Number of protein chains: 2
Amino acid sequence: MISKKTKYGLKALAMLAKAETDAPIQISTIAKTENISQKFLESILLSLRKAGFLGSKKGKGGGYYLLKDPRDITIASVYRILEGPIAMVPCVSLNFYEKCGDCPDEDACGVHRLMIQIRDNTLAILENSTLADFILPAAGKQ
Amino acid sequence: MISKKTKYGLKALAMLAKAETDAPIQISTIAKTENISQKFLESILLSLRKAGFLGSKKGKGGGYYLLKDPRDITIASVYRILEGPIAMVPCVSLNFYEKCGDCPDEDACGVHRLMIQIRDNTLAILENSTLADFILPAAGKQ
DNA sequence: TAAAACCCTATAGGATTAATAGGATAATAG
DNA sequence: CTATTATCCTATTAATCCTATAGGGTTTTA
């Protein structure tokens, strides 16, 4: 299960991607449309901006806008920013690796081997899904 | 990321599957071998027994043992018992469905559609992985 | 210069996780 | 029959994480 933070982040990104305009959209607009607590959404969009997905404009007429083509924003990359590791256990994470406290020998650990398989399969899905998949009706990929 | 509960449960099941004997193995033995808090492991094995995966024997010479063939215990089923839903959001969960608080129309929600795809792909992996995959060296499936 | 809108930090309440404690119950060995 | 072994079960706790809120600061535009 992903956190609401990640879910809200994805919904916000989807809305920005659908907009198809370069004009910034305000936090309050997104919050109302998607039924998200505005203050909570603020912190989420801030993270996404610092991660390089979003640009922002301050002052009257300001707001947030996408910096990249939706096809170049993978779900995997958003997931890592908002949710953290994609792997099920730290000892098989590529980007957030941590050694197991228990388990002296990773190569001898059956759980470890299985988790690597699951990680690779999951990654294949998340790396191949992009924001663009939100917009189009669920047709095949181009 | 899965909880330690699920990870410990999988390690314990893997150890029981490897044992290849009908003789019960004691909690203390599993806890020491796998470096798991014994009391914590107790509650985990209890859940797995109630779920029908394990049998137990009390008293001297007692312990836990597998009730099924390792090939008939899918990772998905263990995951659901110890961790909960496999889906990333409740509104696409098959076994633990819950309607979104936000999001009035599920069919119109881009996140919803994507999460269904991810769920189906993840399920395909977890339903096709079994305890038996822990035992054999990572060779191809039979 | 006033209003709009993002920027940033802190914090609080609640839920969940991980572990511990302590005993009750059942089975076996001698 | 009794002592020992080992599971069974409930309750509690400490720590962490999640979600949300508060409250102002800063920048931009009209």
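Labels below follow one simple rule: chain letters A, B, ... track the order of the sequence lines, proteins then strands, and each chain is numbered from 1. Nothing here was measured: the structure is a model prediction, and the numbers come from that model.
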Quick one: [X] [atom1] to [N] [atom2], roughly how many Å, whole number?
| X | N | atom1 | atom2 | answer |
| --- | --- | --- | --- | --- |
| B/K58 | C/dA24 | NZ | C1' | 9 Å |
| A/I2 | D/dC17 | CD1 | C1' | 16 Å |
| A/R49 | C/dA5 | CZ | P | 17 Å |
| B/K60 | D/dA3 | NZ | C1' | 9 Å |
| A/K57 | C/dC6 | NZ | C1' | 12 Å |
| A/I44 | C/dT9 | CD1 | C1' | 17 Å |
| B/Y65 | D/dA6 | OH | C1' | 14 Å |
| B/N35 | C/dA18 | CG | C1' | 16 Å |

Presence of salt bridge, A/R113 and B/D133, under 4.0 angstrom: no
Under-4.0 Å salt bridge between B/E42 and B/K5: no
Whether A/N128 side chain and A/A124 backbone form a donor-acceptor pair below 3.5 Å: yes
Modelled atom types, side-chain donor and acceptor of A/S3 and A/E83, under 3.5 Å: yes
Sugar-phosphate only, base, or nothing, as touched by A/L45 at under 4.0 Å among non-hydrogen atoms: nothing
Sugar-phosphate only, base, or nothing, as touched by B/K7 at under 4.0 Å among non-hydrogen atoms: nothing
Base D/dC8 to side chain B/E42, donor-acceptor N/O within 3.5 Å cut-off: yes
Polar pair under 3.5 Å, donor/acceptor by atom type, side chain B/K39, base C/dG22: yes
Closest heavy-atom pair and its distance - B/I81, B/S47: CG2-O, 4.3 Å
In terms of side-chain heavy atoms of [X], which of [options] is nearest?
| X | options | value |
| --- | --- | --- |
| B/S37 | C/dC6, C/dT20, C/dA18 | C/dT20 |
| B/S3 | C/dT17, D/dT21, C/dA26 | C/dT17 |
| B/S56 | C/dC7, D/dT7, D/dT19 | D/dT7 |

Under-4.0 Å side-chain N/O to phosphate OP1/OP2 contact, B/Y8 with C/dA18: no
DNA chain C: 5'-proximal contact among A/G62 and B/T6 (nearest heavy atom): A/G62
Nearest-nucleotide 5' precedence on DNA chain D, B/S28 against A/I36: B/S28
